[in-house]
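All chains are named by letter (A, B, ...) in the order of the sequence lines, taking the proteins before the strands, and each is independently numbered beginning at 1.
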Protein chains: 2
Amino acid sequence: MAKKVTIYDLAKELNISPATVSRGLNNHPAISDITKKRIAAIANKLDYRSNKFAANLSNQKTYSLGVIVPRLDSYFMSTVLAGIEEVSNKAGYSIIISQSLESMDKEILNAKTLFNSGVDGLLVSLARDTQNYKHFTPYIKANIPLIFLDRVHNLTNCPTIVIDNVQAGYEATDHLAKQGCKNILIITGSLKRNVYADRLLGYKKALENNNLNFEEVNVFETTMESQNAKDVVDYIIKMNKPIDGLFVLSDSFAAYCIQELKRKNYLIPENIKVVGFNNDPISKLITPSLSTIEYPGYNMGLLAGESVINQIKGNIQLRETHSISLRHKLIIRESSGN
Amino acid sequence: MAKKVTIYDLAKELNISPATVSRGLNNHPAISDITKKRIAAIANKLDYRSNKFAANLSNQKTYSLGVIVPRLDSYFMSTVLAGIEEVSNKAGYSIIISQSLESMDKEILNAKTLFNSGVDGLLVSLARDTQNYKHFTPYIKANIPLIFLDRVHNLTNCPTIVIDNVQAGYEATDHLAKQGCKNILIITGSLKRNVYADRLLGYKKALENNNLNFEEVNVFETTMESQNAKDVVDYIIKMNKPIDGLFVLSDSFAAYCIQELKRKNYLIPENIKVVGFNNDPISKLITPSLSTIEYPGYNMGLLAGESVINQIKGNIQLRETHSISLRHKLIIRESSGN
């Protein structure tokens with residue numbers, strides 16, 4: 001391996017003190033822009049690799065953010081991550097990404113690993129089965145900013161970033177009711193998670209306001225993986241009272257359900273009207289096109305990144321913020337038409 | 001902030017030396033498993049945060065991998081990342097992810113930032129417009145393992161992980177020709193990138209073997225963003241010799257093209273037969289379902305992660321490896337049927 005270039009080498013080349021080089025590299029306000037540029041140019045030329053580890057011993061900052069999401073291979077999550085990466089990158093922060101694969105055990109391990117990596121902040125969207133939150137205590141004790149997004153939990157001083165899931169659930173269900181549906185089945189992920197539980201609340205509220213009875217038998221909880229679409233359709237076929245509306249809390253799972261329903265000769269929207277959730281690209285591309293709730297994942301990512309960086313920098317407004325809610329929108333397409 | 005727990009605190013609690021605690025935390029073979037477990041338990045109890053920065057001063061390892069991809073919000077890339085994360089996480093490595101947003105300038109910045117973060121290895125899939133590779137020189141000089149995947153470039157000692165894009169392009173085109181297509185349009189991303197250039201080579205070879213003429217006018221280069229589908233269809237409409245086959249080098253863009261073609265009253269597959277690329281979930285869900293090339297993104301991610309970690313650990317076999325090629329598969333569905 002080539003000899004490591006140090007700040008002393010840079011200082012020698014520039015004929016300035018190592019302390020000035022160090023402060024210049026760390027963007028210290030006392031160093032002029034011209035000097036900073038000279039330092040950067042020579043650092044570049046000599047392939048200087050900053051010894052962040054040493055620097056971190058004193059200032060305890062790593063300029064990295066930890067992110068834990070349930071799965072990386074979900075379209076919604078990938079747009080959230082794209083937003084987080086963009087804003088972090090601009091602010092000079094790296095993001096260290098891990099996935100819980102929907103398991104609390106793995107989420108606990110990831111939280112621990114990221115803590116030991118010295119991240120300056122943590123962004124979390126919870127796993128399906130997470131039921132206790134002790135693994136976040138070290139962050140809170142150490143005053144490391146922690147923000148929950150999408151699948152959230154309320155912990156002191158940890159803001160949450162969400163959409164108004166109750167209202168979104170209400171609007172989707174109300175739309176189906178207004179389209180004449182009398183017996184609406186809701187297909188939901190784990191009701192342990194706020195996103196699903198809140199949409200179910202909205203569903204119930206909309207039924208009530210449209211003088212429709214809520215029936216337990218009309219709530220179908222599933223992991224919403226593609227292979228489960230058959231179970232949904234089998235369930236629909238066997239119901240005593242025919243289902244005429246379907247509210248599926250994920251566009252991609254809605255697409256699989258529609259495909260199965262079509263295979264069983266159901267006409268969509270004539271026999272069953274369908275509304276999905278997220279406004280994934282798939283919702284525009286399937287036949288019939290899918291009515292859905294627009295869920296601004298990219299904007300959520302931008303906001304989450306900005307928020308955690310603001311908190312790290314000590315802009316304390318956000319600590320006082322309990323929850324930020326983003327705008328959603330009902331998008332009506334063919335699957336719930338007449 | 002609470003007083004920081006140190007290894008001295010742990011040593012005192014356990015009545016052993018700080019050196020033993022340190023070696024135990026670093027999984028040193030000289031320390032028994034029982035002692036390691038005792039140390040881990042007390043570290044856990046006291047919320048000890050390992051001072052990796054200090055440790056790194058001596059062993060120069062950060063147990064982190066850098067990843068640069070063109071975009072995070074692509075289905076294919078998200079499956080690759082899921083694979084990389086899974087294998088890295090198991091091996092105790094964090095992954096620091098950044099996106100070039102298809103820009104060489106941003107790719108250069110990201111490479112620099114990750115270098116300065118002290119990553120132990122780097123995985124790269126190149127941006128659309130990258131045309132020089134000097135930004136990777138510092139990694140090579142410093143002996144930091146660097147692997148290219150999917151969109152690759154040949155640099156000394158930097159293995160590439162790909163599928164046989166020439167062969168895949170050949171199979172897709174040959175299939176269309178065997179289905180009776182005489183005038184096949186190929187829709188491709190930037191031909192600066194191996195993945196597209198190689199598939200075009202395969203396309204040409206298949207035309208030749210099927211006694212069809214290659215015509216420049218039948219190569220349509222585009223960024224393959226959804227809004228470009230209209231341009232493709234306008235182009236098809238205006239062609240002198242009617243197009244009867246379409247090979248689109250991305251499933252999602254193929255789906256948008258099919259949607260536009262249907263809007264213009266083309267029948268798929270009767271008027272134009274279509275083959276896509278990647279086997280995204282969307283290919284199964286659109287009408288007609290899309291013939292495509294299965295591209296094992298998740299496996300590519302697993303392999304890339306394993307490879308770079310093996311290289312870091314000094315298993316040098318891989319350095320000698322020039323290129324690893326994964327298996328692809330032609331999947332025939334309705335869009336290229338009779």
Chain B contact via Leu101(A) - side chain, backbone, both or neither, heavy atoms under 4.5 Å: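 Contact with chain B involves the side chain of Leu101(A) alone.
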If you round to the nearest 0.5 Å, how far is [atom2] of [Y] from [atom1] of [X]?
X: Ser94(A); Y: Asn116(B); atom1: OG; atom2: CG; value: 9.5 Å
X: Asn110(B); Y: Asn89(A); atom1: CG; atom2: CG; value: 4.5 Å
X: Tyr75(A); Y: Ser74(B); atom1: OH; atom2: OG; value: 10.0 Å

Can you tell me which portion of Gln99(B) sits under 4.5 Å from chain A's heavy atoms? Options are side chain, backbone, both or neither.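 Both backbone and side chain of Gln99(B) come within 4.5 Å of chain A.
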| query | Does a side-chain N-to-carboxylate-O contact under 4.0 Å join Glu260(B) and Lys284(A)? | reply | no
Scanning both residues in full, the closest heavy-atom pair of Asp73(A) with Ser78(B) reads CA-OG, 3.5 Å
Do Ile96(B) and Ser64(A) pass the side chain to side chain contact (heavy atoms under 4.5 Å, CB included) test, and can you show the C-alpha distance, the side-chain angles, and the key distance before you say yes or no? CA-CA 9 Å; Ile96(B) 305 180; Ser64(A) 65; 6.0 Å; no
Ranking Ile97(B), Thr287(B), Ile286(B) by heavy-atom pairs under 4.5 Å to chain A gives rank one to Ile97(B)
Looking only at Glu86(B), Lys112(B), Glu85(B), the option with the highest number of non-hydrogen pairs under 4.5 Å against chain A is Glu85(B)
_Tyr256(A): partners by ring-ring contact (aromatic ring centres under 6.0 Å, His included), with sequence neighbours left out_ =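 Tyr256(A) satisfies ring-ring contact (aromatic ring centres under 6.0 Å, His included) with no other residue.
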Against chain A, residues from residues 65-72 of chain B with at least one heavy atom under 4.5 Å, in numeric order, are Leu72(B)
